[in-house]
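Scroll down for the structure; my scribbles are underneath it.
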Amino acid sequence: MYKSKFMKLLVALVTIAMFATACGGGDDDSSSSSSDSSSSSSEATESSSESSSASEEEAEEEAPEEEAEEEAPEEEAEEEAPEPEPEPEPEPVSGGVLRWGLEADVDGINPTASALSAPGLTMAQMVFDSLIVYTDSAPFWACFLCESMTASEDLRTWTMTLRSGISFHDGSPLNAAAIQVNFEAQRGDPLVGLAVKPFYPAENATTLVDDLTISFNLSDPDAWFPTSLTGQLGYVASPTWLTAALEDPTLDQQPVGTGPFVFASRNEDSITRFERNEAWWNGSAYLDAIEFLPVTDPATRTSLLLEGELDGLATTDVESILRMVDDGNIENYLDDSGEESFALINSAKAPFDDIRARQAITHATPRENYNLLINLGETRTADQVFTPESPYYNPDIVQLTDRPDLAGPLVESYCADNPDNCSDGKINMEYQFSGPSVVGTRISELLVEGWEPFFNVTIDELPQDTHIQQVAIGLYNISGWRQFGQREFTRDKVWLLCRTVGGISLNWPRFCDDDRDQLIFTAEQTTDESVRVEALQELSNMINEEYLYIFYNHTLWDMALSNDVNGLCDKTTPDGGEIICITNGRTWFDTVWLSE
């Protein structure tokens, strides 16, 4: 994640690249400030050379004067005034209401029952604290609601002790029994349970040790289990509220947690409001309240920020990002190290249950035009889930898009064998995406332009929550999607393993490969990086050969704030440790404050 004025950064990178080429090549990840330093240093060198030449010419004729000239700089240095002290950082102030633009609304804010995409996770983090948070240093996780977490020797049992004295917003105590209630509620949910059930035994999945201590008993050894509790599965809700929500599902819209803000009101598809929790166990938030407004079209959402109707937003729309950077009055936190953007292919339903159809749609995909016309050439093209700087990146993988010459023979072969799935020599299919969104429509039109010589494409635009549900139950052919954003990649196993395929599936392509599963287990059962690198690079190779995802780019997220919004990345663990600030377009707001 980096905070910058995007165009200045791009200019700096071009300057650095030119400098590196002139010197014989090489990579340089320096920021614009280091580019400026290089420029200043170069000018100083040229000035020094000119002075040196002049001095040599004068040295033979005016040696006595040289000594006097050498003394002058020392006298001048003694007379120089001291540099002024830097202005102190402004002190945070309490008060104000932050208005935040979301890319969509969600069907609820219940971590045990709701399908929480990026907007839902953003709102959930207002009211729910997480058991675990990600950090930048080994072991790359830290306790938040918990005080400690330790593993058994065989890595099958992890024991957690909670911090004492914490209560939910309704007064219920946070204890081991509350964790167990949350766990069982998640495991019992038809959708969320798919991310829980496959990884625990049917009985004795958890053990209450004492009032604040609980053990998680896993089906498989897992050296990275705590990182499973950094997101939705780590949000802890009031057991009293969960019980009531089972009886009255409308309460899913009124969450109760332990977090820095309490739920105030919600008008679905309009405004959801949270207000400061005056009794938060970890201090006090600065803001009086936060209001979340879903605006599905990114251009409209961006205009509202630029016009002062919003104080901040998160977006992946590159055109909007460039507008905000060019404006000069917006702080942009940019990050492309998380999710990937891609077309998701359903391998369990005709026509894409046949690899020839999957190969053909991949070859026909105009990825170059996608990244040029939709992403304006500003994002990094992706062939796999890992970015080039990741140790798990496989440099040998090449995704064969933009090859319509390869698509034609495959379509001809498929239609000869499956005439009922074809019309006029083309394969019949549907493309689904979430909206309403002008950008989403543009993407669909661009893709269809590349696909239509070989496919008859029907377009289906759905609200995001409906879109997710349709994919989960397999009612799609190809879908626009973002995923694979976990900082510990083995946590993305829920999207890949055979055991998460079902009537409702988290393995969205519904594709099972036991050999692929074994590579994931190998990587998650050790902290030995050499073993993990080998396993995950081979995993990427298998994904590429199975033609289940058509990768477009490493998703560029922008967390954009007006200039009067401060303190976004000041949050720490209760023990003062640094944590990852932004993940896939979501963050915390308890340290955010508004300038007066």
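A salt bridge links E103 with R482: at least one charged nitrogen is closer than 4.0 Å to a carboxylate oxygen. Looking at D590 and K571, a side-chain N of the basic residue comes within less than 4.0 Å of a carboxylate O on the acidic one, giving a salt bridge. Between R516 and E546, at least one side-chain N (NZ, or NE/NH1/NH2) sits under 4.0 Å from a carboxylate O, which counts as a salt bridge. Under the 4.0 Å criterion applied to side-chain N and carboxylate O atoms, D222 and R491 are assigned as salt-bridge partners. In summary, R163 and E147 do not engage in a salt bridge, as defined by a charged side-chain N under 4.0 Å from a carboxylate O.
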Exercise for review: Go through Y200 and F183 one step at a time and tell me if the ring-ring contact (aromatic ring centres under 6.0 Å, His included) criterion holds.
Suggested key: CA-CA 11 Å; Y200 295 87; F183 174 85; 4.7 Å; yes

Review point. How far apart are the C-alpha atoms of N217 and T207, what are their side-chain angles, what is the distance that settles it, and do they pass the side chain to side chain donor-acceptor pair (under 3.5 Å) test?
Key: CA-CA 8 Å; N217 307 310; T207 303; 3.0 Å; yes

Exercise for review: Applying side-chain contact (heavy atoms from CB on, under 4.5 Å), run through V196 and L233 and close with a yes or a no.
Suggested key: CA-CA 8 Å; V196 181; L233 299 184; 3.9 Å; yes

**Study point:** Evaluation steps, side-chain contact (heavy atoms from CB on, under 4.5 Å), between F216 and T157
**Key:** CA-CA 6 Å; F216 296 87; T157 299; over 6 Å; no

**Study point:** Criterion side-chain contact (heavy atoms from CB on, under 4.5 Å) on W141 and M149, from CA distance to verdict
**Key:** CA-CA 10 Å; W141 59 269; M149 194 162 190; 4.0 Å; yes

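For E534, the CD atom is loosely surrounded, since the number of other residues' heavy atoms within 6.0 Å does not exceed 12. The number of heavy atoms from other shown groups lying within 6.0 Å of CD (E578) does not exceed 12. Taking a 6.0 Å sphere around CD of E247, one finds it holds 12 or fewer heavy atoms contributed by other residues, nucleotides or ligands. Within a 6.0 Å radius of CD in E153, other residues, nucleotides and ligands contribute 12 heavy atoms or fewer.
If you check the side chains of T112 and N182, you find no donor sitting under 3.5 Å from an acceptor. Side-chain atoms of E278 and S284 form no donor-acceptor pair, as typed in the model, at a separation below 3.5 Å. If you check the side chains of T161 and T213, you find a donor sitting under 3.5 Å from an acceptor. A donor atom on one side chain and an acceptor atom on the other are not found under 3.5 Å apart for T315 and D317. Judged by distance alone, the side chains of T272 and R266 do bring a donor and an acceptor atom under 3.5 Å apart. T555 and T316 share no side-chain donor-acceptor pair at under 3.5 Å. Residues Y134 and Q486 bring a donor and an acceptor atom of their side chains to less than 3.5 Å of each other. Side-chain polar atoms of S505 and N507 form no donor-acceptor pair below 3.5 angstrom. A side-chain donor from one of T206 and Q180 sits under 3.5 Å from a side-chain acceptor of the other. A donor-acceptor pair shorter than 3.5 Å can be found between the side chains of T258 and D129. There is a side-chain donor-acceptor pair under 3.5 Å between Y392 and R532. Remark: the S152 side chain and the D154 side chain contain an N/O donor-acceptor pair separated by less than 3.5 Å. Side-chain N/O atoms of Y235 and Q125 include a donor and acceptor closer than 3.5 Å. Using modelled atom types, one finds a donor on one side chain and an acceptor on the other under 3.5 Å when comparing S172 with D170.
Residues I132 and C146 come closest through the heavy atom pair CD1-SG, 3.6 Å. In plain terms, the two heavy atoms of D252 and N110 that are nearest each other are OD1-ND2, 2.8 Å. Closest approach of F263 and P255 over heavy atoms only: CB-O, 3.5 Å. When all heavy atoms of W100 and A314 are compared, the closest pair comes out as CZ2-N, 3.9 Å. Among all heavy-atom pairs drawn from S215 and T159, the shortest one is OG-OG1, 2.8 Å. Here the shortest heavy-atom pairing between R510 and A472 reads NH2-O, 2.8 Å.
Atom CG of residue L212 and atom CD1 of residue I179 lie 10.0 Å apart, to the nearest 0.5 angstrom. How far CG of N267 is from CD of Q253: 10.5 Å, rounded to the nearest 0.5 Å. To the nearest 0.5 Å, atom CG of residue L506 and atom CG of residue L191 are 6.0 Å apart. Distance check: F292 CZ to M123 CE gives 7.0 Å after rounding to the nearest 0.5 Å. Once rounded to the nearest 0.5 Å, the distance linking OH of Y431 with CG of L344 reads 10.5 Å. Rounded to the nearest 0.5 angstrom, F274 CZ and L98 CG are separated by 12.5 Å.
Between W224 and F140, the ring planes are parallel. Angles under 30° get that label, and only those over 60° would be called perpendicular. Between W495 and W508, the angle of the ring planes stays under 30°, which puts this pair in the parallel group of the 30/60° scheme. Ring planes of F128 and W241: tilted class, angle from 30 to 60°.
Not a single donor-acceptor pair under 3.5 Å links the side chain of T466 to the backbone N or O of L462. A side-chain donor-acceptor contact under 3.5 Å links D105 to the backbone of D269. One N or O on the side chain of D517 and one on the backbone of C498 form a donor-acceptor pair closer than 3.5 Å. Distance alone, capped at 3.5 Å, places no donor-acceptor pair between the S434 side chain and the Q464 backbone. A donor-acceptor pair is defined here as one N or O able to donate and one able to accept, closer than 3.5 Å; no such pair exists between the side chain of D353 and the backbone of A348. Using a distance-only test at 3.5 Å, with no hydrogens or angles considered, no donor-acceptor pair links the side chain of S114 to the main chain of L116. The backbone N or O of P574 sits nowhere less than 3.5 Å from a side-chain atom of N282 that would complete a donor-acceptor pair. Checked by atom type and distance alone, the side chain of T362 pairs as donor or acceptor with a backbone atom of R358 at under 3.5 Å. The closest donor-acceptor contact from the side chain of S479 to the backbone of W481 lies at 3.5 Å or more, if one exists at all. Side-chain atoms of R380 do not come within 3.5 Å of backbone N or O of H554 as any donor-acceptor pair.
For the pair M160/S148, no side-chain contact is recorded, criterion being any heavy-atom separation below 4.5 Å from C-beta on.
No close placement of the Y547 and F352 rings is indicated, their centers lying 6.0 Å or farther apart. Aromatic pair F342/F484: ring centres closer than 6.0 Å. Taking the six-membered ring for Trp, F261 and F589 have ring centres at least 6.0 Å apart. Between F144 and W281, a ring centre-to-centre spacing shorter than 6.0 Å is recorded.
Of the candidates D528, T526, V533, S530 forms a side-chain contact (heavy atoms from CB on, under 4.5 Å) with just one, namely D528.
A cation-pi contact links K493 to F199, judged by a cut-off of 6.0 Å to the six-membered ring centre and 45° from its axis.
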